[in-house]
Asks: 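Below is one structure. I have some questions about it.
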Amino acid sequence: MEYLLGDLRRTHYSKDINPEITGEEIQLMGWVHEIRDLGGIIFVIIRDRDGLIQITAPSKKVDAQILDDLRALRKESVVAIKGTVQEAGKAPNGVEIIPAEITLLNLANQPLPMDPTEKVKAEIDTRLNSRFLDLRKANVSSIFKIKANMFKTIRNYFDEEGIIEINTPKLVASATEGGTELFPITYFEKEAFLGQSPQLYKQMMMGAGFDKVFEIGQIFRAEEHDTLRHLNEAVSIDMEASFMDDVDVMNILDNMITRILQSTKENCAEELEKIGFELDIPEGPFPEVKYDDAVDIINSKGVDMEWGEDLSREAEKVLGDTQEGFYFLTDWPSAIKPFYVMPYEDRPEISHAFDLMYKNLEISSGATRVHQYDVLVKQMIERDLNPDGFGAYLKAFEYGMPPHAGWGVGADRLAMVLTGVENIRETVLFPRDRHRLTP
């Protein structure tokens, strides 16, 4: 057995090997998923990115050296196998490979820190500690194939809508929204922070005349949560558009989410089957629940909530129980929204802000933004923020800032909706929470 690739190259993934190519010689590469030695015949299941394929080695049909090579394999070792395709009704894809040549590319140590075949179940911490093995499982990797399709769909949708992709800094000099939920870092002789949101930069791009922009990128929140739906590093999908208000961008968000749901159902049917989840597509626009009405509903369900408060977890749950899926929660109190959110002119205690909820899970927040310099400074001061710390941002509002609106979507939470998982850590390759900084 050789350990180098040399001239070997894969000719087929497992999904491409089927009865239609019976008799062809193929080159397969992947991991040893399972080995069964029955004496006169050896079965080896090989796994690659797309599935499983069976190697069948009858002692009467293959060389003794091939049998020895197969017996020397260990589970999860990486191999290249050349052989001939043969029909086999009970095998994966209805075929098996009669091996002619085996190349061991990397021998896996034993015992394994966890079982990727899932014959032995592992808890989430064990799985995350050996995430590279956990991700070899078909149901786990399917989550990330669905997530990849989600991002592809989003970019295609934005491109069709003429929305320009941007990339903004993640090292910032001050808080995006105020508050203390920031990760400080040493930046040469200065203090800097990891960015909470691209919000201020998106608005500056409105002043730059880009008209409609989006960004998909990391955000960081130093919140001491320890829940199934919070992380300290997450991926945010952000969009901002000039000459639009909250109703306009809610329509864009509704259309985008619907497109994602349809694309997932159409393009990821196999992955949805592997994770055992049936995805529902809502009919028509998402319904709207005003904050005032939400307070009444929540109190009617026996959960105390004063007008002007943010929703507690209990409040989210009882409100979500009254909804079938996605819905917009609108007309939030101005005092609990960031300084850049536009209040109603005739009722300033209420703002043009909205959240997109999925049952009891917040997926997105958005609003019409303040575009007038003096109003922006006034709202900063009212929230005990120093305008001097936002000099570069405020400057963009002094020289022609158009009316604009936008939103941000939690990509990892949206992936929870698409896959039906209850723990956000399942939707992130290497999650970062208050306890986990490795791997």
Side-chain angles (χ1 to χ4, degrees), residues 49 76 112-152 154 170 181-183 194-197 216-238 257 260-261 264 268 271-279 311-314 316-317 320 326 355-365 408-439:
R49 184 189 69 181
E76 298 307 314
L112 299 167
M114 62 166 289
D115 181 12
T117 67
E118 282 201 300
K119 290 182 178 178
V120 179
K121 298 286 184 180
E123 297 296 326
I124 186 68
D125 282 338
T126 300
R127 292 171 50 209
L128 293 177
N129 288 339
S130 298
R131 190 60 155 160
F132 64 95
L133 277 175
D134 185 50
L135 290 164
R136 295 180 189 179
K137 296 186 293 190
N139 60 332
V140 177
S141 63
S142 290
I143 292 171
F144 296 96
K145 291 176 183 178
I146 291 170
K147 198 173 181 182
N149 181 77
M150 176 186 81
F151 286 127
K152 179 180 178 180
I154 290 167
K170 302 299 169 255
E181 295 166 349
L182 294 162
F183 286 112
L194 296 178
Q196 293 174 302
S197 161
I216 300 174
Q218 311 299 112
I219 60 169
F220 303 88
R221 301 287 174 94
E223 300 168 335
E224 295 187 358
H225 293 300
D226 191 10
T227 77
L228 298 180
R229 65 191 195 284
H230 286 95
L231 291 174
N232 297 105
E233 178 184 5
V235 174
S236 183
I237 306 155
D238 280 85
I257 297 292
I260 292 167
L261 294 170
T264 302
C268 301
E271 286 74 22
L272 289 169
E273 183 178 354
K274 286 178 180 177
I275 62 178
F277 183 63
E278 186 172 343
L279 190 63
L311 272 65
S312 66
R313 184 57 184 149
E314 292 73 22
E316 287 178 335
K317 288 179 179 178
F326 287 99
D355 284 358
L356 177 64
M357 307 291 293
Y358 178 76
K359 298 181 180 179
N360 61 38
L361 184 67
E362 179 190 331
I363 301 296
S364 172
S365 288
V409 170
D412 310 312
R413 287 191 178 186
L414 181 53
M416 292 173 69
V417 176
L418 298 178
T419 58
V421 302
E422 296 182 356
N423 191 334
I424 195 170
R425 291 156 188 79
E426 298 273 13
T427 71
V428 179
L429 288 173
F430 301 101
R432 294 291 180 261
D433 57 32
R434 62 179 297 186
H435 302 296
R436 182 171 291 278
L437 198 55
T438 61

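Not measured: the values here are computed from a predicted model.
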Asks: Nearest 0.5 angstrom please: T264 OG1 to L414 CG, how far?
Replies: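 The distance works out to 8.0 Å.
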Asks: Going by the rule side-chain contact (heavy atoms from CB on, under 4.5 Å), which residues pair with T227 if we only count those two or more places apart in sequence or in a different chain?
Replies: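 With sequence neighbours excluded, T227 shows a side-chain contact (heavy atoms from CB on, under 4.5 Å) to H225, R229, H230, given in chain and number order.
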Asks: Might you point out which heavy atoms bring S236 and D238 nearest each other, and give the distance in Å?
Replies: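 Result for this residue pair: OG-OD1, 2.5 Å.
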Asks: Identify, with sequence neighbours excluded, every residue that meets salt bridge (charged side-chain N to carboxylate O under 4.0 Å, His left out) alongside E233.
Replies: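 Scan of E233 (salt bridge (charged side-chain N to carboxylate O under 4.0 Å, His left out), adjacent residues dropped) gives none.
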Asks: Could I get the full list of salt bridge (charged side-chain N to carboxylate O under 4.0 Å, His left out) partners for R432, not counting sequence neighbours?
Replies: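 By the salt bridge (charged side-chain N to carboxylate O under 4.0 Å, His left out) rule, R432 matches no residue at all.
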Asks: Check the surroundings of atom CD in E273: do more than 12 heavy atoms from other residues, nucleotides or ligands lie under 6.0 Å from it?
Replies: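 Incorrect, the count does not exceed 12.
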Asks: Testing the basics here: between P431 and L231, what is the closest heavy-atom pair and its distance to 0.1 Å?
Replies: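 Scanning both residues, the minimum pair turns out to be CB-CD2, 4.0 Å.
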Asks: State, to 0.1 Å, how close L279 and F277 come at their nearest heavy-atom pair, and which atoms those are.
Replies: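 Closest heavy-atom pair between L279 and F277: CD1-CE2, 3.7 Å.
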Asks: If you compare all heavy atoms of K137 against all heavy atoms of P116, which two are closest, and at what distance to 0.1 Å?
Replies: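 Distance-wise, the nearest heavy atoms are CG-O, 2.9 Å.
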Asks: If the condition is salt bridge (charged side-chain N to carboxylate O under 4.0 Å, His left out), which residues does D226 pass it with, not counting sequence neighbours?
Replies: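 With neighbours one apart ignored, the set is empty.
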Asks: Taking all atoms of both residues into account, what is the closest heavy-atom pair of A122 and M114, and its distance?
Replies: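 It is CB-CE, 4.5 Å.
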Asks: Could you state the interatomic distance from CG (L429) to OG (S141), rounded to the nearest 0.5 Å?
Replies: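 The distance works out to 11.0 Å.
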Asks: Atom NZ of residue position K359 - does it have more than 12 heavy atoms of other residues, nucleotides or ligands inside 6.0 Å?
Replies: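 Atom NZ in K359 is not packed in, count stays at 12 or less.
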Asks: Does anything in residues 410-426 form a salt bridge (Lys or Arg N to Asp or Glu O under 4.0 Å)? List the pairs, not counting sequence neighbours.
Replies: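 Checked against salt bridge (Lys or Arg N to Asp or Glu O under 4.0 Å) - neighbours excluded - the pairs reaching residues 410-426 are R127-E426, K147-D412, R425-D433.
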Asks: Report the distance from atom CG of L311 to atom CD of E316, rounding to the nearest 0.5 Å.
Replies: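 CD of E316 is found 6.0 Å from CG of L311.
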Asks: In sequence, state the C-alpha distance, the side-chain angles, and the governing distance for Q196 and I219, and then conclude on side chain to side chain contact (heavy atoms under 4.5 Å, CB included).
Replies: CA-CA 5 Å; Q196 293 174 302; I219 60 169; over 6 Å; no
Asks: Got a second to check how far L418's CG is from I146's CD1, nearest 0.5 Å?
Replies: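 If we round to the nearest 0.5 Å, L418:CG and I146:CD1 are 7.0 Å apart.
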Asks: Locate the shortest heavy-atom distance separating T427 from I143; write the atom from each residue and the value.
Replies: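 The pair with the smallest heavy-atom distance is CA-CG2, 4.1 Å.
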Asks: For Y358, enumerate each residue passing the ring-ring contact (aromatic ring centres under 6.0 Å, His included) test, keeping only those at least two apart in sequence or located in another chain.
Replies: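 Partners of Y358 by the ring-ring contact (aromatic ring centres under 6.0 Å, His included) criterion, ordered by chain and then number, come out as F326.
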Asks: I'd like to know if the side chain of S364 reaches the main chain of G408, judged simply by a donor and an acceptor atom lying under 3.5 Å from each other, with no hydrogens or angles considered.
Replies: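 Checking the backbone N and O of G408 against the side chain of S364, a donor-acceptor pair under 3.5 Å is found.
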Asks: Can you sort out the partners of T126 under side chain to side chain donor-acceptor pair (under 3.5 Å), two or more places apart, ordered by chain and number?
Replies: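 Here no residue qualifies.
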Asks: Is a side-chain donor or acceptor of D134 paired with a backbone partner of L128 at a separation under 3.5 angstrom?
Replies: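 It does not hold such a pair.
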Asks: Tell me, please, which residues at least two apart from K274 pass side-chain contact (heavy atoms from CB on, under 4.5 Å).
Replies: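 Partners of K274 by the side-chain contact (heavy atoms from CB on, under 4.5 Å) criterion, ordered by chain and then number, come out as A138, S142, E270.
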Asks: Would R436 and N129 count as a side-chain hydrogen bond (donor to acceptor under 3.5 Å, both in side chains) if you check the C-alpha gap in whole Å, the side-chain angles of each, and the deciding distance to 0.1 Å?
Replies: CA-CA 9 Å; R436 182 171 291 278; N129 288 339; 2.9 Å; yes
Asks: Sequence neighbours left out, what passes side-chain contact (heavy atoms from CB on, under 4.5 Å) with K317? Give chain and number order.
Replies: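 With neighbours one apart ignored, the set is R313, N360.
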Asks: Please enumerate all residues that pass side-chain contact (heavy atoms from CB on, under 4.5 Å) together with K121, with sequence neighbours excluded.
Replies: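 Checked K121 against side-chain contact (heavy atoms from CB on, under 4.5 Å); matches are E118.
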Asks: About how many Å separate CG of L194 and NZ of K170, when rounded to the nearest 0.5 Å?
Replies: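 Reported value, rounded in 0.5 Å steps: 11.0 Å.
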Asks: In Å, rounded to the nearest 0.5 Å, how long is the span from CD of E224 to CZ of R434?
Replies: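 One gets 5.0 Å once the value is rounded to the nearest 0.5 Å.
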